[in-house]
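What follows is a short report on a single structure.
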4 protein chains.
Amino acid sequence: MLAAAAELLDESGYGKLSIEGIAARSGVAKSTIYRWWRSKADLVMEAYTEVTARRVPGPDTGGVQEDLRVFLDTLYRVNANAGRARVLRGLMAEAQLDDGFRAAFQEWIQSRRTLMSTILMRGVERGELAEDLDVEYTVDSVFGPFWYRLLVGHAELDPADAPKHVAQLLRGAGYRAP
Amino acid sequence: MLAAAAELLDESGYGKLSIEGIAARSGVAKSTIYRWWRSKADLVMEAYTEVTARRVPGPDTGGVQEDLRVFLDTLYRVNANAGRARVLRGLMAEAQLDDGFRAAFQEWIQSRRTLMSTILMRGVERGELAEDLDVEYTVDSVFGPFWYRLLVGHAELDPADAPKHVAQLLRGAGYRAP
Amino acid sequence: MLAAAAELLDESGYGKLSIEGIAARSGVAKSTIYRWWRSKADLVMEAYTEVTARRVPGPDTGGVQEDLRVFLDTLYRVNANAGRARVLRGLMAEAQLDDGFRAAFQEWIQSRRTLMSTILMRGVERGELAEDLDVEYTVDSVFGPFWYRLLVGHAELDPADAPKHVAQLLRGAGYRAP
Amino acid sequence: MLAAAAELLDESGYGKLSIEGIAARSGVAKSTIYRWWRSKADLVMEAYTEVTARRVPGPDTGGVQEDLRVFLDTLYRVNANAGRARVLRGLMAEAQLDDGFRAAFQEWIQSRRTLMSTILMRGVERGELAEDLDVEYTVDSVFGPFWYRLLVGHAELDPADAPKHVAQLLRGAGYRAP
DNA sequence: CACTAATCGAGACGGTACGTCCAGTCTTATG
DNA sequence: CATAAGACTGGACGTACCGTCTCGATTAGTG
């Protein structure tokens with residue numbers, strides 16, 4: 001079923017996805033799908049994270065600068081994968097419309113944010129970043145532009161720009177090379 | 001009809017909004033709504049911007065710092081207005097699901113981004129900001145976190161934090177007091 | 001407008017005909033059509049009879065047999081004209097669905113029946129037909145099969161068969177050559 | 001659903017009948033109706049024939065005259081049943097407007113015509129009717145006037161007149177008592 | 001000759017019903 | 001016993017026309 005969902009997502013996007021369609025494609029009864037997932041979004045979320053979440057720990061290279069660069073590089077590569085980008089956009093959309101799904105989605109987002117804030121807090125501890133840094137806001141300064149461009153689609157984030165962005169972020173965060 | 005749409009939005013949110021519901025509430029025929037708007041999202045967008053778009057020009061106080069502060073302050077106040085926040089989230093969601101609406105939404109977003117980039121470019125011209133500043137990315141560093149928090153809902157942006165955020169942004173952008 | 005109606009009838013048949021379509025085609029406002037006709041059927045009826053009703057009096061050749069032959073021959077030729085046949089079918093259909101039109105249609109039908117009954121009554125007077133002939137039923141024995149085949153479409157009436165049918169009708173009506 | 005359709009037909013006639021109305025009356029969802037019938041006409045046809053088609057074989061009394069009399073008597077009694085008459089008229093109308101239904105309707109009509117032609121052919125075989133009789137036309141001479149009067153409504157067929165009509169038909173068909 | 005009517009085009013409007021899609025629930029039978 | 005198959009209620013979709021109803025913009029005929 002997850003496979004069928006993934007296929008259909010690739011073919012026509014989240015908006016056109018229907019439980020009935022997945023059932024038909026996977027040769028499974030609708031009721032069986034409902035037994036296992038509460039909604040389209042839950043299913044898709046699982047289909048997505050199954051592929052994705054190899055429980056990648058955030059990078060730990062010993063320096064904030066490099067940690068950030070690696071993280072952003074990885075993050076920006078998602079843009080390149082049209083299918084994955086479409087899925088993310090669909091999940092975010094669903095989270096706005098379905099309160100039930102919203103919580104699950106928030107949790108997932110939170111797990112991603114934690115990776116980032118761990119990196120930053122290590123930087124603070126090491127004295128690389130300002131002691132009074134607003135970590136939460138800085139985390140959102142990384143993910144915010146990413147999602148914003150993904151959702152609005154006015155421009156793409158190029159992995160090649162990651163170092164430049166890291167520099168700007170670090171300057172803002174009071175970076176001082178150790 | 002716009003009024004009816006606004007009411008219903010407030011009452012039950014974008015996800016529950018239906019053209020049929022608006023028609024019933026406003027005592028108007030469904031076909032009349034379809035005569036004037038191509039989709040639910042178009043209607044809501046108009047209902048929203050009618051209230052909002054007093055064609056506010058971006059602030060121009062003579063200095064980037066103050067311009068930014070005013071802008072962020074205004075922006076962050078949207079969060080406080082639960083109704084307006086809900087509408088924005090709904091519009092963003094729709095833009096992910098309906099390609100027809102996506103274009104209109106992008107245009108609107110672009111107009112908002114232009115306000116911000118005007119402010120920044122003035123700063124560059126005055127020599128307050130780095131000459132080689134990536135203006136587009138910096139614009140997205142303002143709107144990105146705003147939308148991200150709005151959509152995910154993990155935290156609220158407090159207008160009181162605007163000055164702090166401005167400072168961080170400016171540091172990142174190579175600010176030098178004139 | 002009548003011309004436009006006729007064109008559209010030919011193109012797509014009575015079922016697909018709409019007042020709005022006629023208005024668009026004829027470059028006339030819907031309201032103007034409603035000023036002149038009470039319904040689609042009224043309009044079509046006029047469009048039809050305008051072409052048709054050259055106030056043909058029934059034939060009067062001096063003998064029932066020849067009168068009937070001429071009449072049936074003319075009648076059967078309608079079948080050949082696909083457009084005209086389609087219109088007649090549409091009018092009959094409308095007469096079943098719209099009580100307002102029904103009356104007008106009945107009147108028109110009656111005028112056609114009168115032609116036929118005149119022919120038959122002349123035959124009775126001349127002693128060619130049985131004195132106690134049920135003229136009304138006999139009239140319907142002419143028009144009945146015509147409409148029946150027209151409406152059901154299981155077979156066509158060939159003008160070449162008219163003489164044979166006349167013979168059968170006359171035998172049934174107690175015909176005796178004068 | 002069939003019951004609801006029948007009720008509504010009786011109450012307001014075929015023209016006013018709507019699928020939505022039937023759904024409401026029968027407490028069934030519109031989609032359920034569409035699952036089982038492709039159109040209003042299909043449904044009504046079934047509602048009608050369910051009641052009617054007790055698979056009545058044509059009468060076989062041993063003589064054409066009596067067979068015909070029985071058949072016409074039964075046929076003419078339909079006129080008396082206002083509800084049934086209205087349904088028949090509606091079906092005929094629909095067959096003119098909807099090509100999809102037309103075929104189904106023709107088939108039903110054909111089955112009724114076959115009953116009649118069987119009777120006539122038996123008569124020919126027995127030598128009661130002219131050897132070269134145009135059976136098809138004669139069949140239409142029975143049903144034609146029936147439908148014609150039913151549809152136009154200018155007069156009713158009285159079962160009491162059946163014998164007279166049989167006599168006239170048989171004379172026309174070259175009847176010779178065996 | 002200006003002025004009133006009548007007449008028209010354009011098309012907005014409240015409505016009704018259409019036929020479709022899908023959600024989510026529930027029942028049956030099959031392996 | 002979980003499942004496939006799929007029937008069912010229900011809600012909304014977007015479309016097509018209906019018949020009614022203002023609106024000006026022509027025209028015509030009259031005073």
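Predicted model only: the values in this text are computed from it and were never measured. In the text below, chain A, chain B and the rest are named by the order of the sequence lines, each starting its count at 1.
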Original post:
If each of B/Lys16 and C/Tyr34 is mapped to the nucleotide of DNA chain F with the nearest heavy atom, which maps nearer the 5' terminus, i.e. the 5' end?
Top reply: B/Lys16
**OP:** Please list, chain by chain and in numerical order, all residues satisfying side-chain hydrogen bond (donor to acceptor under 3.5 Å, both in side chains) with B/Asn79, sequence neighbours excluded.
**Re:** none
Original post:
D/Lys40 has an atom NZ; how far is it from atom P of E/dA17, in whole Å?
Top reply: 10 Å
**OP:** May I have the distance from C/Ile33 (atom CD1) to F/dC18 (atom C1'), rounded to whole angstrom?
**Re:** 13 Å
**OP:** Anything under 30° is parallel, anything over 60° is perpendicular, the rest tilted; go ahead and classify B/Tyr148 against A/Trp147.
**Re:** parallel
Original post:
What string of B, S and - do you get for nucleotides 3-10 of chain F, 5' to 3', if B is base contact, S is sugar-phosphate-only contact and - is no contact with any protein heavy atom under 4.0 Å?
Top reply: BBBBSBBB
Subject >> salt bridge (Lys or Arg N to Asp or Glu O under 4.0 Å) assessment of C/Glu107 paired with C/Arg112 >> reply: CA-CA 9 Å; C/Glu107 200 176 328; C/Arg112 310 243 65 219; over 6 Å; no
**OP:** Could you tell me how the ring of B/Trp108 sits relative to the ring of B/Tyr48: parallel (under 30°), tilted (30 to 60°) or perpendicular (over 60°)?
**Re:** perpendicular
**OP:** Starting at atom CG of B/Leu17, determine the distance to atom P of F/dG14, rounded to an integer number of angstrom.
**Re:** 12 Å
**OP:** Mind calculating the distance between CZ (B/Phe101) and P (F/dG14) to the nearest angstrom?
**Re:** 14 Å
Original post:
How about A/Tyr14 and B/Gln96: does a side-chain donor come under 3.5 Å of a side-chain acceptor?
Top reply: no
Original post:
Given atom CG of A/Leu97 and atom P of E/dA23, what is their separation to the nearest angstrom?
Top reply: 14 Å
Subject >> Separation of atom CG in A/Asp98 from atom C1' in E/dG24, rounded to whole Å >> reply: 13 Å
Original post:
Rounded to the nearest 0.5 Å, how far does CZ of B/Phe101 lie from CH2 of B/Trp37?
Top reply: 14.0 Å
**OP:** For D/Tyr14 and E/dA17, give me the distance from atom OH to atom C1', rounded to whole Å.
**Re:** 14 Å
Original post:
Within this structure, what is the CD1-to-P distance between A/Ile19 and E/dG24, rounded to whole angstrom?
Top reply: 7 Å
Original post:
From the list E/dC18, F/dG19, E/dA23, which nucleotide is the closest neighbour of the side chain of A/Ser18?
Top reply: E/dA23
